[in-house]
**Q** 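For reference, the structure I am asking about is given below.
Because the structure is a prediction, the values reported are computed rather than measured. What's counted below: heavy atoms across the whole structure, side chains too, no hydrogens, waters or symmetry copies. A note on names: the letters A, B, ... follow the listed sequences, proteins ahead of strands, and every chain is numbered from 1.
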Amino acid sequence: MRLGRLSKVTLGAITGLVLALIYVPLLVVLVNSFSTSKNLVWPPPGFTLEWWGKAFRNAGALEALWTSVLVALSSTIIALVLGTLISIALQRYQFFGRDTVSLLVILPIALPGIVTGIALNNAFRTILDLKLTILTVIIAHATFCIVTVFNNVLARLRRMGTNFEEASSDLGAGLWTTFRLVTFPQLRSALFAGGLLAFALSFDEIVVTTFTIGGGVETLPIWILNNLFRPNQAPVVSVIAVVLVVVSVIPIYIAQRIAGSEQTRR
Amino acid sequence: ACGTTSGSAGPTTAADEVGAGEGQVSILAWPGYVEDGSNDPTVDWVTAFEEDTGCEVTSKTYGTSDEAFSLMKTGEYDVIAASGDASLRLVAAGDVAPVNTDLIPNYDGIYDFLKMQSWNSVDGKSYGIPHGYGANLLMYNTDVVSPAPTSWDVVFDKSSPYAGKITAYDSPIYIADAAVYLMTHQPELGIENPYALDETQLAAAVDLLKGQRANVGEYWSDYLKEIQAFETGDSVVGTTWQVIQNSVTTGNTAVVLPDEGATGWSDTWMIGSEAKNPNCAYEWLNYIASPEANAQATEYFGEAPSNEAACEFRTEGSCEAFNAGDEEFASKLWYWSTPIEKCLDGRTDVTCTDYSQWTAAWSEIKG
Amino acid sequence: MTSKAPEADTSTPPTHPARDRVAAPSITLARRASTYLSRHARLRLAVLLSAPLLWLGLVYVAALAALLITALWTVDSFTGQISQTWTLDNIVAVVTGSLYQTVTLRTVGVAILVTIVDIVIALPIAFFMAKVASPRLQRILVIAVLMPLWASYLVKAYAWRSVLSQDGLWDFVVAPFGIESPGYGLPATVITLSYLWLPYVILPIYAGLERVPDSLLEASSDLGARTWRTLGLVVLPMLWPAIIAGSIFSFSLSLGDYITVNIVGGTNQLLGNLVYTNVGAANNLPLAASIALIPIVIMFVYLAAVRRTGALNNL
Amino acid sequence: MIDHTSRPVAIELSALTKRFGDMAAVDGVDLQIAEGEFFSMLGPSGSGKTTVLRLIAGFEQPTSGTVSLFGRDVTTVAPFDRDVNTVFQDYALFPHMSVLDNVAYGLRVRGMSRITRHARAREALDRVRLADFADRKPTQLSGGQRQRVALARATVVEPKALLLDEPLGALDLKLREQLQVELKELQRSLGITFIFVTHDQEEALTLSDRIAVFNNGRIEQLGTPAELYERPVSPFVASFVGTSNIFDDAVSLALLGRRGTHSLRPERIGLTVGDTADGITAPGTIAEVIYLGTNTRILVDLDAGQRITVLAPYGRERFSDHDRGARVTASWRDADVISLQSPTTPPTAPSEKTPIEMRSR
Amino acid sequence: MIDHTSRPVAIELSALTKRFGDMAAVDGVDLQIAEGEFFSMLGPSGSGKTTVLRLIAGFEQPTSGTVSLFGRDVTTVAPFDRDVNTVFQDYALFPHMSVLDNVAYGLRVRGMSRITRHARAREALDRVRLADFADRKPTQLSGGQRQRVALARATVVEPKALLLDEPLGALDLKLREQLQVELKELQRSLGITFIFVTHDQEEALTLSDRIAVFNNGRIEQLGTPAELYERPVSPFVASFVGTSNIFDDAVSLALLGRRGTHSLRPERIGLTVGDTADGITAPGTIAEVIYLGTNTRILVDLDAGQRITVLAPYGRERFSDHDRGARVTASWRDADVISLQSPTTPPTAPSEKTPIEMRSR
Ligand SMILES: Nc1ncnc2c1ncn2[C@@H]1O[C@H](COP(=O)(O)OP(=O)(O)OP(=O)(O)O)[C@@H](O)[C@H]1O
Ligand SMILES: Nc1ncnc2c1ncn2[C@@H]1O[C@H](COP(=O)(O)OP(=O)(O)OP(=O)(O)O)[C@@H](O)[C@H]1O
Ligand SMILES: NCCCCNCCCN
Ligand SMILES: [Mg+2]
Ligand SMILES: [Mg+2]
């Protein structure tokens, strides 16, 4: 559509403005990480590097970060496998109950986290008599992460069609070889995009985690939650948040590169 | 004993001796109670314990007493640091076992006024070691609130000039604060103990709190939230903990123990009824009651220590700031206890309202 | 025609350079399985579906069902033990209690407002990203929208608390123009939740817009529709599924939130708080489960309503 | 031209039927294709050509009937175990692989070593004159180049038969004509069976040894290009293969003096101004003159009530747009009139069995 | 045929240029299209046809030059304010609206009441014989039906000119031929200007009053179908519009006895067995005989070294596949040989300005 110059400028201005607004709270966090106030008070009374130093020496935060990465990575991998299987089934086959299955995939994300949290907590503890550990967190996270993978892979499969798979089997490749050499490589960027979103969902999850995590383990959000109850840790939390935002550019950028190069290929 | 009706498997008798350590212990506690240097290398009293006893500590922190209560139900924890609003529930549910204080040498050093209280003993049996204590004080902004308040009127009076900037603690246990106020202002209700309210008394407290809600700016439960609110001026008066007053950096706040008295808390180290590492658990209880460890832990969290000798190990003036050992101050406090059906004030002609009723009431109050 | 063409070479087989013929693929176990599976479509489907269905069924559906059953039990208020006697008391209490009605209305109101705010903000941004920005700028914008996701939820909520506080950044920057900070309360809750979920709404709408071919927009203006009419008559209707997909995020995440409202909500509580309080306090899981039924029912109604739009394939 | 009767049968379809729901996409097809034959399936959209091809390749399972390849019943055999290869309409080149890897793919899944398979793939690319493009990605190729890669990929595994589903359908006219020639040459040099699907009658006539004309899932007529063009068995074939003037019963009676349905090719009709002409004649008025470069197409409204199409090649008397409305006489030889049978039972080998009126020269 | 010189100008392009980055997609095009004309733009892929159309419709802004519609300079006017409508190559039907709503869309945005616009839309659907399909969604239509909906949608608003971007490109040959006729009839009955983009030369010849042949963003030749076919100005036009045998300098000298580049149409060449023939003659050997039904295409390798294409219509001496390798003599009249000028300065009105060799009859 040929938009008038004015429309374009207006849209651009709105976008710029909203993006700026999106970053204002993050800026506040950034400023707080250098503020002498321990309590995230605005305007900051002074400048200090103390918190940055403390953050990098904070073993608990680093351990929680590692736990979070482990949890997010594990649940993402599970979600990738299950999400891929289920989207192939739904996209390539007609069967009774298809709609129910797709509703089932969506439900864990559509129902509020606290519902998921107490349901899983109850199931793990009182029904299965399981000890809450990092494993229960991973199971819980994987459950609501499946949907992001599912959506991305389903869309890709739909666009891909069956031609390439047929061509492969036509050339003599069995089912597994076809998946390995033809289907999977073309799903890769969809898996990456879905995986990235799954990772982000898991990485920042508090509510479900609260109800499914066991003693002695903290994910980063839980660590942050606890530290907001602990004296004098708020600025360190800010530092961690800033670092996360900055570091997150890398995976997002990679995902964009993959998706972008594919777009130009299409 | 209270626990008998629970039907749960928990032992109702304490241990007779402390055997060899099991090599590990798992502890459930408020944040800041079990620090091993991982959050701040300079804050560490766990490592010393581990070196002394060979008991590896794994700890989990909780945000509210209610969360602690449900976590303890998992039976995964050997030790819990429970506030008074959880302790009796834990006893009643059979989740914790009596503690043989004879096995804990450092128990001798604990202030007597904290021992064998309604929140840490049942039927003359000790259920744990006092950790530290504090009052739910009235904090106010000295720039805004004048004259300096001496009564809880400023937060409960419907026509308080500070309407909209009042804050209050976000928990059912806050009903006891209203009850303390009512003890002075509506003596006809006959409240003897703010944790022993019959239905009429509870209704009166609820009324008071519903009236207060219109004036409350926000409730707080994590203290970063309250510190911020006072520093920015969003809140100017309300209940607080000493540690919060100490953390406010703007210097325009003060705390007072109002004439009506106040609620307070004294946390208790308890041992799980299904503890898998009872020996290490006893080791921990003894350790944390020691003057050095008690000093470190209570100072870091911001409360008065329970061990008289601990003040020697705390920073200059920090014990005074928390009125440590001030018996008169302590006598004005109604320490958090779990309200149960059997009235804590000894009445037998009525049944009192229990914590679940308080919980329902609290939800109603907040609306 | 009299002349006869010389015999063409087509009737003789082609002469390949002397070498092996291409061998057939070797018979491995995987290949034998392939051969077997390729004849049994149902079995293939079973292989694909069994793991995910087992997972979702065992982990999620069973847990949810158990929770709903719990709603029919009671808890012994003294010991905190669940007693498995069937009763509708909790559900009746939730359905009839005025507290629950008030809080449900408040929560749904907040969730709807958050959803509307997010959609209204997301539409122009997504449009700019998908239809105006150059590919390069597009990439940068996607990154810019995604990045805040990584600054912890709690940290962002606290940042908003700071922004909205008295004499905070809001009052510092905006109040001089006459718009004072709303302070802590429901407006602050709506603002903060909208902020938190915005990326989850922008992304599906952006993806949806990318699927609207430019030629349709051109066709519309070619037929005389000005920009706004094109947006209203062509873009918006085609975008519905994507918008609804985004709304599922913002709506359901708001419906279950209890942390943000604690931080910036003043004295207000939402359904999530009630559930949360009841799980902990007195450990009354049956009542909590009954309250949890409210958002579950709301989401089911919502999902059933939007299923026809095809939005469920666009999350 | 290959004589399909004297050669061994490569592909045999017996009573092949494929239903999708209620609808029979392929409806009882019997067919034998000889080794080395260039065989085309021609028919309108939706007539079942692709479905037949997919049944042969094994992508679809027949509802009933059987498929045999080189004497072996393969009806239930998986595509990867059938000795035929397919060139897809959209080529289906793997977008994530280079041209070389695409071509080497079939060899790779057969476990051939990297060096050998690359060497063979390069040879195959050489054959289609794309040796220089080995390292490109398919998207970096033009349509015609892609088609050649698809051919190389399908032929490098030396299949006994090659199935081609409208491989030229997506290309523009010029490129298409050029590639038709290349395809024919490739088939000659490989000497393997080609089964070629198209809906373009000119393409089918140009390339094929034999053609099956499909309609509604059935073979309406089977024969050599000349047989189809010169002896169509039904109005459908007559007008699908080339343009035909179809005379129904009434018109036949009026113009030819006998009953029945008849067809007459536009290029067999002469047109003269005025009313002198040989053979059968019919007066009329010029309705439209369309300049086609090579030929001129003239629509004439006969006084008998029928509009006919006449194709005037260069060299005969020339008509132009200005002649619209002019009175003319159309004339043709009776021998050029084809009597059409009704299409109820389409014969599979019309050249032997059907009693159609032969055109005498 | 419309005489474009005597009618008012509908569309005028002056020095129109459009650059994308470095590349000039449209490179200084001057053009006048008369009211009521059926004007086609013909050219290979990427030659700039679509871009010119988009500049006229207003979807693109020219880098330089102007666009005038009916005497008014609209260079900076938005698409929705231009009195032309477009039929898009992919039809661009709104998928969420019924066929009726699609057709009524242009009336709706003009504020016409529901009843009136539906009535008009139904009329328009009637005109394209789709009245029964009004309530369907576009996805439920076949390609040909969609194309007719797109036509109805564009014409119902009664534009003064209609731009059509390869509207038949996606269809199969039979359907295409059928729709060509309908398109032409529609244009006659509406009497509006059609600007038709295609890369199919036969389609352009069939439909157009005038044709502009595009190459590399420029108009290589502009003229009536006959002018383009019979008097191409460059080898490019000669081989793009129809098939041509192009003789380069050396071959010209050998065969024609004079220098320069020349072209000769296949149908102008006669072929006789042996070596007796009139006019210019050249002996050779038959390399390939392709049966086309209407004609037979014969490739002959001349002894002079050139391979030429000969098109033998029905009625002349007939050749078949068996004649491959036979010795023949090709013959043609010198008047049929076209001398090609170099394409450096393509004239916009070759019929008046260019000194090309006229073919005498
Ligand atoms: N998977 C399928 N499900 C349902 N119907 C199908 C399927 N595949 C094909 N058909 C139907 O079967 C009929 C024959 O289709 P087929 O693709 O074989 O036709 P075709 O002759 O190849 O046509 P075209 O020239 O358009 O490619 C069509 O009516 C088509 O709609
Ligand atoms: N938006 C654009 N950006 C960059 N280049 C473009 C753009 N649109 C067209 N081009 C280029 O301009 C040239 C002319 O394109 P145009 O689409 O006009 O060709 P065309 O004659 O319509 O070709 P076709 O027959 O393939 O449709 C092409 O080289 C094309 O790649
Ligand atoms: N139903 C569980 C959904 C959990 C989503 N949590 C998102 C947190 C984002 N910070
Ligand atoms: Mg097909
Ligand atoms: Mg184009």
**Q** Taking NZ, NE, NH1 and NH2 as the nitrogens, is one of them in B:Asp345 or B:Arg347 under 4.0 Å from a carboxylate oxygen of the other?
**A**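 Answer for the salt bridge query: yes.
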**Q** Let me know if B:Ala168 has heavy atoms under 4.5 Å from chain C in its side chain, its backbone, both or neither.
**A**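 Answer is neither: B:Ala168 stays 4.5 Å or more from chain C.
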**Q** Would you indicate whether B:Glu199, at its atom CD, is surrounded by more than 12 heavy atoms from other residues, nucleotides or ligands within a distance under 6.0 Å?
**A**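 12 or below, so no.
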**Q** Tell me, do B:Val154 and B:Ile166 make a side-chain contact under 4.5 Å, heavy atoms counted?
**A**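 Of all side-chain heavy-atom pairs linking B:Ile166 with B:Val154, none is under 4.5 Å.
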**Q** Looking at B:Arg213, B:Glu364, B:Lys366, B:Glu218, which has the largest count of heavy-atom pairs under 4.5 Å with chain C?
**A**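 Answer, by heavy-atom pair count under 4.5 Å with chain C: B:Glu218.
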**Q** Using non-hydrogen atoms only, which part of C:Leu287 is less than 4.5 Å away from chain B: side chain, backbone, both, or neither?
**A**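 Neither the backbone nor the side chain of C:Leu287 comes within 4.5 Å of chain B.
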**Q** At a 4.5 Å cut-off on heavy atoms, which part of C:Thr102 comes close to chain B: side chain, backbone, both, or neither?
**A**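 Looking at C:Thr102, nothing touches chain B.
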**Q** So among C:Ile298, C:Ile296, C:Val297, which one has a side-chain contact (heavy atoms from CB on, under 4.5 Å) with C:Ile294?
**A**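 Of C:Ile298, C:Ile296, C:Val297, side-chain contact (heavy atoms from CB on, under 4.5 Å) with C:Ile294 is met by C:Ile298 alone.
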**Q** Is it the side chain or the backbone of B:Asp85 that comes within 4.5 Å of chain C heavy atoms, both, or neither?
**A**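 Neither; nothing under 4.5 Å.
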**Q** Are B:Lys165 and B:Asp234 within salt-bridge range, i.e. N to O under 4.0 Å?
**A**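 No.
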